[in-house]
Asker: 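Can you keep this structure in mind? I'll have questions shortly.
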2 protein chains.
Amino acid sequence: MPSRNANPIEQPTVENIDLSSILVALSEPVRLGIVAALASHDGDVACGTFDLPVAKSTSSHHFKVLRESGVMHQYDEGTRRLNRLRRADLDARFPGLLDLIIAEGRQVVVPIIGP
Amino acid sequence: MPSRNANPIEQPTVENIDLSSILVALSEPVRLGIVAALASHDGDVACGTFDLPVAKSTSSHHFKVLRESGVMHQYDEGTRRLNRLRRADLDARFPGLLDLIIAEGRQVVVPIIGP
DNA sequence: CCTGATGTTCGATCAGCGTCGAACACGATG
DNA sequence: CATCGTGTTCGACGCTGATCGAACATCAGG
């Protein structure tokens, strides 16, 4: 549940994104797959739309790590939580990194169900 | 001890370097520091020359991970084992990645003792 | 040949992280 | 108001990885 008032969605500002956190976040196969899938998809994608090989709670954990490391931005829309890659921010901070991830991360197939 | 005949120094060929292994290798603070220190130093550096905050055996483990992931090349010289960044290989495989690591990894201060 | 320097290897330990199910929270829908 | 769909949170569990000390291997030098 996108808890509105309860737990605010926290994410680092652009200048506060640090590489170590990014590396830790992306060194996990599931998370790398999420990023690659999200990158090769137009528009924002809800958490549940990813076909991940883990339980819901685990999935939620991974999204949290990705958000807090600054890889993606999350916002609530009704009952769903949408994800958006922080392309501009990442490119500004670490030029070329995202492209490498995307290019290589496609090997990890993470289907996205529906639109 | 650089065991010559016993345990051959194994490392991936250029085309066999994969990003996931690199990310895993560099997501560890000590290893990230080693790479940064090695990068900002001219010439090859022996393992013991790094002033690391861990035991010898742990250090040896980290160097092994770095070598097997394809980040660095190792070779024996007398009783010492020298390390060299695989700059060309990494740049060919993942353009820009190493530069990002170096630039950001300097925050992790890892002194190099002596020449 | 003995000694010191340099690393590796081998267990063992310990903390952290990925994992899960169950319970909960919130919005949408009827 | 009741129900369903979507995520989060909370303990608990297990496994992997970082860590260490001790023992060993190799080379260099006296």
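Every heavy atom of this structure was used, including side-chain atoms; hydrogens, water molecules and symmetry mates were not. Numbered from 1 within each chain, the chains take letters A, B, ... in sequence-line order.
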Asker: Can you name the residues that form a side chain to side chain donor-acceptor pair (under 3.5 Å) with S69(B), not counting sequence neighbours?
Answerer: none
Asker: Just to verify, what does N16(A) make a side-chain contact (heavy atoms from CB on, under 4.5 Å) with, not counting sequence neighbours?
Answerer: P12(A), T13(A)
Asker: My understanding is that only residues two or more places apart in sequence, or in another chain, count here; which of them pass side-chain contact (heavy atoms from CB on, under 4.5 Å) with A55(B)?
Answerer: S57(B), T58(B)
Asker: Nearest whole angstrom, please: distance from the P of dG7(C) to the CD of Q74(B).
Answerer: 10 Å
Asker: Starting from C1' on dT8(D), measure out to CG on L66(A) and report it in whole angstrom.
Answerer: 16 Å
Asker: Judged by modelled atom types alone, do R67(A) and Q11(A) share a side-chain donor-acceptor pair under 3.5 Å?
Answerer: no
Asker: Could you state the atom-to-atom distance from NZ of K64(A) to P of dC10(D) in whole Å?
Answerer: 8 Å
Asker: So if I define the base as every atom that isn't primed, P, OP1 or OP2, how would nucleotides 15-21 of chain D read as a B/S/- string at a heavy-atom cutoff under 4.0 Å?
Answerer: ---SBBB
Asker: So which residues get pulled into Y75(B)'s cluster when ILVMFWY side chains under 4.5 Å apart are joined, directly or through others?
Answerer: L82(B)
Asker: Atom CZ of F63(A) to atom P of dG7(D): distance rounded to whole Å?
Answerer: 8 Å
Asker: Considering just the side-chain nitrogens and oxygens of R81(A), establish if one lies under 4.0 Å of OP1 or OP2 belonging to dT8(D).
Answerer: yes
Asker: Quick one: ring pair (Phe, Tyr, Trp, His ring centres under 6.0 Å) partners of F63(A), sequence neighbours excluded?
Answerer: F50(A)
Asker: Could you tell me how far apart D76(B) (CG) and dT8(C) (C1') are, to the nearest whole angstrom?
Answerer: 11 Å
Asker: Between I9(A) (CD1) and dC26(C) (P), how many Å, whole number?
Answerer: 14 Å
Asker: I need the full list of side-chain hydrogen bond (donor to acceptor under 3.5 Å, both in side chains) pairs touching residues 22-34 of chain B, with sequence neighbours left out, sorted by first then second residue.
Answerer: R31(B)-H62(B)
Asker: Separation of L82(B) atom CG from dG7(C) atom P, in whole Å?
Answerer: 8 Å
Asker: I'd like to know if the side chain of R84(A) and the backbone of Q74(A) have a donor-acceptor N/O pair within less than 3.5 Å.
Answerer: no
Asker: Rounding to a whole Å, what distance do you find between L52(A):CG and dT8(D):P?
Answerer: 12 Å
Asker: What pairs with R87(B) under salt bridge (charged side-chain N to carboxylate O under 4.0 Å, His left out), at least two apart in sequence or on another chain?
Answerer: none
Asker: Please tell me if S60(A) has a side-chain N or O lying less than 4.0 Å from either OP1 or OP2 of dT8(D).
Answerer: yes
Asker: Based on the rotation axes of five pairs at each end, what angle does the helix from dC1(C)-dG30(D) to dG30(C)-dC1(D) bend through, to 10°?
Answerer: 20°
